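For clarity, every value in this text was computed on a predicted model and none was experimentally measured.
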Amino acid sequence: MLILRDTEQEIRRAAEIIKRGGLAAFPTETVYGLGADAFNARALARVFEVKGRPRFDPLIVHIASRSGLERVARLSVLSPARRALAEKCASAFWPGPLTLVLPKQPELPGLATAGLSTVAVRWPGHPAARTLIRLSAGAGKPGAVAAPSANPFGRLSPTRAEHVVEGLGEKIDCVIDGGPCPVGVESTVLDLASPRIAILRPGGVTREELETITGPIRPALDAGASGAEHGGQNAGEPDAAGPNAPGRLSPGTLKSHYAPLSPLVLHDEKEMAALPREQDGAYLFFSGKSRDAWAGRDRAGYGETGPDGDPAALVLSETGRVPEAAANLFEYLRRLDGPRPGRIHAEILPEEGLGAAINDRLRRAAEH
Ligand code: AMP
Ligand code: MG
């Protein structure tokens, strides 16, 4: 696998790979994506294969222009009000970590959308991603790059090029190294194609931010709540009822996901502080304050240096800043998981803003 720098010249090489039907991993502001030409069914099939991703789990199609949006989504079939809402969301949050579920253009291969009549579309903000999508355009058509996260299915998402190399290695053609991803959790998926709009996955754009544009959004029925690990009710189902109909999960929104190899156990701040120090335990704290509350009652375990240099006790954000915690989440889970501790104990954040996206990932990781 080629490792490319994020210069225009090297991104062009990745774009050529995509145009020829290859697979190129690239940085976005959320996590690293594994990109393929969204209109090349064979390339899409390879994406599912190298990730071990079930075919019922639709991909997000990445665009970098208005014409790219129109090439993959059919806004004209939406009601005028819904269409206006889609336009408002796009202009408020694109480029950025928001994915919109919209009616699909018939020409887009069904493999990209797992056979659904809707497509998930995102216009990412990361400059390398935008350049790649732009340069992968061909024959007068704007670029459209289908890209799930660039990791084996179900495992921790990659937020650095090294994570991609570790997870997918020789199975893919190249990775563009753009350094760490600034947001660190996946995009928010907003369903605008169903009768009732819904957040199908919390992510980089917060519910609070979205609601300034959409008004109150009611919680999605069942979203991820009752696990469909092996396809279950989602597999091959027609979507006539819409992805948000009662009892229906967002396809691919699985109860167990984003999982480290060691078992993960979740606790609130108070429970964390009261945890005994286990010989083979690992600890992920939200803030320095939480870590200190825990370390204070169990200082003996540390010897003289205190907890700061302890590789088995990490703090997502020393000062308790949620965006910083999100950016560190997957990298720190990987670090703690590396020596395969008996258990990883992780602190749940306050359920607001980006905290909701972090907690969502932690809960799914703990289902493993
Ligand atoms: P990722 O695994 O980050 O690529 O995210 C893709 C996720 O977006 C899927 O697992 C689904 O939960 C959601 N998604 C993609 N396409 C659709 C769609 N057409 N309808 C509803 N949800 C979708
Ligand atoms: Mg993923």
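Within the 4.5 Å cutoff, no side-chain heavy atoms of T118 are placed close to those of T113. With a 4.5 Å cut-off on side-chain heavy atoms, L111 and R55 count as touching. Looking only at side-chain heavy atoms (C-beta outward), S76 and R83 come within less than 4.5 Å of each other. Using a 4.5 Å heavy-atom threshold, the side chains of R340 and S262 count as touching. By the 4.5 Å heavy-atom criterion applied to side chains, I17 and L2 are counted as neighbours. Side-chain contact check for M272 versus F286: every heavy-atom pair is 4.5 Å or farther apart. For the pair L34 and R53, the minimum side-chain heavy-atom distance is 4.5 Å or more. Looking only at side-chain heavy atoms (C-beta outward), I213 and F93 come within less than 4.5 Å of each other.
When every heavy atom of K171 is checked against every heavy atom of R46, the shortest pair comes out as O-NH2, 3.2 Å. Taking each heavy atom of G184 and T159 in turn, the nearest pair found is O-CG2, 3.8 Å. Contact record, P109 with L44: CB-CD1, 4.0 Å, taken as the closest heavy-atom pair. In plain terms, the two heavy atoms of W294 and A313 that are nearest each other are CZ3-CB, 4.1 Å. Here the closest non-hydrogen pair linking A325 and S317 is N-CB, 4.0 Å. Heavy atoms only, all atoms of each residue included: P260 and A365 are closest at CD-CB, 3.8 Å.
Note that CZ of F39 and NZ of K141 are 8.0 Å apart. Values are rounded to the nearest 0.5 Å. Note: I344 CD1 to L336 CG = 5.5 Å, rounded to the nearest 0.5 Å. In this structure, the separation between CG on L354 and CZ on R321 is 11.0 Å, given to the nearest 0.5 Å. Taking CG of L284 as the reference point, atom CZ of R335 lies at 11.0 Å (rounded to 0.5 Å). The line from OG1 of T99 to CD1 of I60 is 3.5 Å long, rounded to the nearest 0.5 Å. Note: C89 SG to L102 CG = 9.5 Å, rounded to the nearest 0.5 Å.
One side chain, R201 or S187, offers a donor N or O that lies under 3.5 Å from an acceptor on the other. A donor atom on one side chain and an acceptor atom on the other are found under 3.5 Å apart for S157 and E186. Side chains of E10 and T7: no donor on one and acceptor on the other come within 3.5 Å.
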Practice task
Walk me through it: do E367 and R363 pass the test salt bridge (charged side-chain N to carboxylate O under 4.0 Å, His left out)?
Solution key: CA-CA 6 Å; E367 283 294 332; R363 290 194 187 105; over 6 Å; no

Problem - Trace of the side-chain contact (heavy atoms from CB on, under 4.5 Å) decision for I133 with W123 - result: CA-CA 10 Å; I133 297 162; W123 184 331; over 6 Å; no

Handout entry: Audit row: L333, L264, side-chain contact (heavy atoms from CB on, under 4.5 Å) steps and yes/no
Key = CA-CA 10 Å; L333 279 170; L264 183 76; 4.0 Å; yes

Problem - Worked check of side-chain contact (heavy atoms from CB on, under 4.5 Å) between R82 and I197 - result: CA-CA 9 Å; R82 192 55 72 80; I197 70 165; 3.4 Å; yes

Practice task
Start with the C-alpha distance between E347 and Y283, add both sets of side-chain angles, then the distance that settles side-chain contact (heavy atoms from CB on, under 4.5 Å), and finish with yes or no.
Solution key: CA-CA 8 Å; E347 180 178 346; Y283 303 83; over 6 Å; no

Practice task
Could you please spell out the steps behind the salt bridge (charged side-chain N to carboxylate O under 4.0 Å, His left out) verdict for E16 and K19?
Solution key: CA-CA 5 Å; E16 291 303 327; K19 285 193 285 215; 3.8 Å; yes

Practice task
Dump the intermediate steps for salt bridge (charged side-chain N to carboxylate O under 4.0 Å, His left out) on K51 and D57, then the final yes or no.
Solution key: CA-CA 11 Å; K51 274 186 64 86; D57 191 352; over 6 Å; no

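If you run side chain to side chain contact (heavy atoms under 4.5 Å, CB included) between V165 and each of E170, R160, M1, only M1 comes through.
Under a hydrophobic-cluster definition in which Ile, Leu, Val, Met, Phe, Trp and Tyr are linked whenever side-chain heavy atoms come within less than 4.5 Å, directly or via other members, I199 and L85 are assigned to the same cluster. Residues Y32 and F330 do not share a hydrophobic cluster, defined by chaining ILVMFWY side chains whose heavy atoms lie under 4.5 Å apart. When hydrophobic clusters are built by joining Ile, Leu, Val, Met, Phe, Trp and Tyr residues whose side-chain heavy atoms come closer than 4.5 Å, directly or via intermediates, Y332 is not grouped with V265. The hydrophobic clustering, which links ILVMFWY residues whose side-chain heavy atoms are closer than 4.5 Å, places L75 and L190 together. In the hydrophobic clustering of this structure, L156 groups with L349; members are Ile, Leu, Val, Met, Phe, Trp, Tyr whose side-chain heavy atoms approach within less than 4.5 Å, directly or through other members.
No more than 12 heavy-atom neighbours from other residues, nucleotides or ligands sit within 6.0 angstrom of CZ on R12. Few gaps surround CZ on R134; more than 12 heavy atoms of other groups in view lie less than 6.0 Å from it.
Between the E211 side chain and the E208 main chain, no donor and acceptor come within less than 3.5 Å of each other. Distance alone, capped at 3.5 Å, is enough to place a donor-acceptor pair between the N328 side chain and the L316 backbone. Under the 3.5 Å distance criterion, the side-chain polar atoms of E269 are left unmatched by any main-chain donor or acceptor of S290. S136 places no side-chain N or O within 3.5 Å of a backbone atom of A15 that could act as its donor or acceptor partner. For R74 (side chain) and P106 (main-chain N/O), no donor-acceptor pair under 3.5 Å exists by modelled atom type. The main-chain N or O of L23 is found under 3.5 Å from a side-chain atom of D173 such that the two form a donor-acceptor pair. Side-chain atoms of S149 do not come within 3.5 Å of backbone N or O of N151 as any donor-acceptor pair.
Classification of E87 and R66 as a salt-bridged pair holds, one side-chain N sitting under 4.0 Å from a carboxylate O. D337 and R155 are not joined by a salt bridge, as no carboxylate oxygen comes within less than 4.0 angstrom of a charged side-chain nitrogen. A salt bridge links R122 with E29: at least one charged nitrogen is closer than 4.0 Å to a carboxylate oxygen.
Annotation: cation-pi geometry not satisfied between R291 and F285 (NZ/CZ under 6.0 angstrom from ring centroid, within 45° of ring axis).
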